[in-house]
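Report on one structure; see the data block that follows.
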Amino acid sequence: MANEDILKKIISHCKEYGFVFQSSEIYDGLSAVYDYGQNGAELKNNIRQYWWAAMTQLNENIVGLDSAIFMHPTTWKASGHVDAFSDPLIDNKDSKKRYRADVLLEEYIQKIEDKVNKEVEKAAKRFGEKFDEKMYRETNPRILENSKKIDGVNLRMKAALESNNLSDIKLLIEECEIVCPVSGSRNWTEVRQFNLMFATEMGATADGSSKVYLRPETAQGIFVNFLNVQKTGRMKIPFGIAQTGKAFRNEIVARQFIFRMREFEQMEMQFFIKPGTEMQWYNHWKEKRLKWHLAMGIPENKYRFHDHLKLAHYANAACDIEFDFPMGFKELEGIHSRTDFDLGNHEKHSGKKLQYFDTEENKSFVPYVVETSIGLDRMFLAIISQSFCEEKVVSGENGEEAGERVVLKLPPFLAPVKVAVLPLIKKDGLPEKARIIMDSLKFDFRCYYEEKDTIGKRYRRMDAIGTPFCITIDHQTLLDNTVTLRYRDSMKQERISTDGIGEIIKDKVSLKQVLSRL
Ligand code: GAP
């Protein structure tokens with residue numbers, strides 16, 4: 001199935017099962033803004049909780065913060081966002097569609113890379129075990145020519161972006177013969193910079209009000225509170241401050257569902273360190289963050305690192321952790337060595353010292369920072385796409401109805417509902433017994449009670465929202481206090497005593513067992 005079709009299926013599944021709705025849908029929606037429904041809110045909370053616990057509970061030297069969305073406007077001058085937080089945009093005059101100029105070039109490069117990889121794959125099949133990929137890549141003339149093309153475009157794009165040479169970016173787009181995907185034409189406007197921050201007015205009267213921005217990243221709330229937290233928490237360098245919260249960007253090209261939104265949530269951690277140790281900590285956090293992803297049970301080949309060609313205005317080293325989304329490998333998380341850029345600039349603009357006094361060396365310095373920054377919504381999309389699965393069910397298999405099922409094979413600790421409690425029929429005292437069981441479980445787990453429809457239909461509904469366990473209460477339950485426990489992924493069922501259910505479920509769904517892998 002084409003990747004686009006998979007994404008479409010995921011979007012409609014998210015809507016049908018209460019995970020994600022288009023914002024203000026009754027008014028035909030608001031572009032690139034989404035609401036999380038009853039199951040989506042739970043899944044999102046569980047991801048956030050995993051991140052928060054991994055940061056603030058497992059690291060003695062990382063503490064949390066919850067800073068305001070509105071900040072003093074000078075914050076954004078100091079951080080560089082007023083002057084440099086922009087994307088180069090270009091319009092196609094025929095389709096009137098707007099694109100990020102750098103993204104058009106990146107997609108062009110990606111196409112050539114895909115071609116090269118396909119050629120290598122073909123050769124590997126042709127030559128079998130004797131195939132030497134390295135040698136093939138170094139000697140095959142077509143691959144060499146394409147690699148040269150990729151390097152050439154990359155280098156020129158990087159130079160043009162760094163020197164803000166917008167006319168050269170346009171020239172490059174023309175030379176690469178990039179066409180508008182909608183109109184198919186090369187009728188482009190000039191490239192121009194577009195600031196991504198949303199601005200609004202604070203204060204009651206026009207005279208007395210001042211322009212404020214909706215924060216485009218949560219990180220600045222951490223920087224301006226650096227000394228507050230360090231002093232009140234008596235933190236010693238190296239230490240980190242973690243925060244989750246909303247961020248806002250007026251994205252030029254906002255598409256691909258919750259991948260690129262105008263209102264989204266970030267989970268960021270700033271790690272304050274001694275200048276000169278940044279590469280050591282940068283590598284440390286690269287490793288730690290990948291481990292966090294893999295501990296959820298997502299296969300390693302779904303992830304890769306990508307070093308930034310164009311460094312953001314604040315960074316001296318930066319990479320992305322990319323995930324293999326239905327649209328291909330894309331940025332999921334950023335790890336940035338931000339030097340003393342932010343604290344140094346806040347010192348300059350505020351006139352307040354933002355320094356750390358090192359008692360061992362008896363001197364003060366502005367700490368360097370390594371940051372890890374992940375979009376919660378993107379992590380949500382990664383998890384949903386990884387878990388979404390359409391399967392055939394063979395007739396009679398474990399008593400399941402034959403046909404197809406859609407199942408979300410979510411890591412159990414993230415599932416919105418952990419256990420469904422289902423009386424086989426709506427009479428003979430089964431609902432009452434089911435309620436007793438539900439009452440014994442609901443303090444530990446998010447449970448869901450349902451007695452409507454056939455048991456098969458109820459199983460399918462639970463599969464579709466990723467519920468790892470279903471408990472069925474039948475007539476035998478009334479006789480010997482046993483129930484059927486059904487496992488979501490294998491659809492296996494076993495008869496167990498009600499006394500043991502809590503322990504079995506706890507073993508599989510607890511956050512603790514995932515955290516202990518870190
Ligand atoms: N403080 C650094 C920072 O904000 P970034 O690379 O611009 O760095 C970090 O953003 C992460 O935030 C990204 O890796 C991505 O997961 C998420 N993110 C950024 N823009 C987003 C958007 N428009 N919609 C959804 N997530 C976004």
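We number each residue from 1, following the sequence as shown. First listed ligand is number 1; within each ligand, the first listed atom is number 1.
Judged by the 6.0 Å distance and 45° axis criteria, Lys330 is not positioned over the aromatic ring of Phe325. Relative to the ring axis of Phe248, Arg215 does not place its NZ or CZ within 45° and under 6.0 Å from the centre.
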List, pair by pair, the atoms of ligand 1 and of the protein that are both N or O and lie under 3.5 Å apart, giving the separation rounded to 0.1 Å.
{"residue": "ligand 1", "atom": "1 (N)", "partner": "Glu217", "partner atom": "OE1", "Å": "2.6"}
{"residue": "ligand 1", "atom": "1 (N)", "partner": "Glu268", "partner atom": "OE2", "Å": "2.4"}
{"residue": "ligand 1", "atom": "1 (N)", "partner": "Arg338", "partner atom": "NH1", "Å": "3.3"}
{"residue": "ligand 1", "atom": "1 (N)", "partner": "Glu371", "partner atom": "OE1", "Å": "3.0"}
{"residue": "ligand 1", "atom": "1 (N)", "partner": "Glu371", "partner atom": "OE2", "Å": "3.3"}
{"residue": "ligand 1", "atom": "4 (O)", "partner": "Arg249", "partner atom": "NH2", "Å": "2.9"}
{"residue": "ligand 1", "atom": "4 (O)", "partner": "Gln266", "partner atom": "NE2", "Å": "3.0"}
{"residue": "ligand 1", "atom": "6 (O)", "partner": "Glu331", "partner atom": "OE2", "Å": "3.1"}
{"residue": "ligand 1", "atom": "7 (O)", "partner": "Arg249", "partner atom": "NH1", "Å": "2.8"}
{"residue": "ligand 1", "atom": "7 (O)", "partner": "Arg249", "partner atom": "NH2", "Å": "3.1"}
{"residue": "ligand 1", "atom": "10 (O)", "partner": "Gln266", "partner atom": "NE2", "Å": "3.4"}
{"residue": "ligand 1", "atom": "12 (O)", "partner": "Gln266", "partner atom": "NE2", "Å": "3.3"}
{"residue": "ligand 1", "atom": "14 (O)", "partner": "Glu331", "partner atom": "OE2", "Å": "2.6"}
{"residue": "ligand 1", "atom": "14 (O)", "partner": "Leu332", "partner atom": "O", "Å": "3.4"}
{"residue": "ligand 1", "atom": "16 (O)", "partner": "Leu332", "partner atom": "O", "Å": "2.8"}
{"residue": "ligand 1", "atom": "16 (O)", "partner": "Gly375", "partner atom": "N", "Å": "2.9"}
{"residue": "ligand 1", "atom": "20 (N)", "partner": "Arg249", "partner atom": "NH1", "Å": "3.4"}
{"residue": "ligand 1", "atom": "23 (N)", "partner": "Glu251", "partner atom": "OE2", "Å": "2.8"}
{"residue": "ligand 1", "atom": "23 (N)", "partner": "Met261", "partner atom": "N", "Å": "3.4"}
{"residue": "ligand 1", "atom": "23 (N)", "partner": "Met261", "partner atom": "O", "Å": "2.8"}
{"residue": "ligand 1", "atom": "24 (N)", "partner": "Phe259", "partner atom": "O", "Å": "3.4"}
{"residue": "ligand 1", "atom": "24 (N)", "partner": "Met261", "partner atom": "N", "Å": "2.9"}

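Nearest heavy-atom pair across Ala247 and Gln266 is CB-OE1, 3.9 Å.
Aromatic ring pairs are classed by plane angle as parallel below 30°, tilted from 30° to 60° and perpendicular above 60°; the pair His284 and Trp281 is perpendicular. Classified by interplanar angle (parallel below 30°, tilted 30° to 60°, perpendicular above 60°), the ring pair Phe388/His13 is perpendicular.
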For this session: Could you give me the CA-CA distance, side-chain angles and deciding distance for Phe272 and Phe223, then say whether side-chain contact (heavy atoms from CB on, under 4.5 Å) is met?
Result: CA-CA 10 Å; Phe272 299 91; Phe223 288 121; 4.1 Å; yes
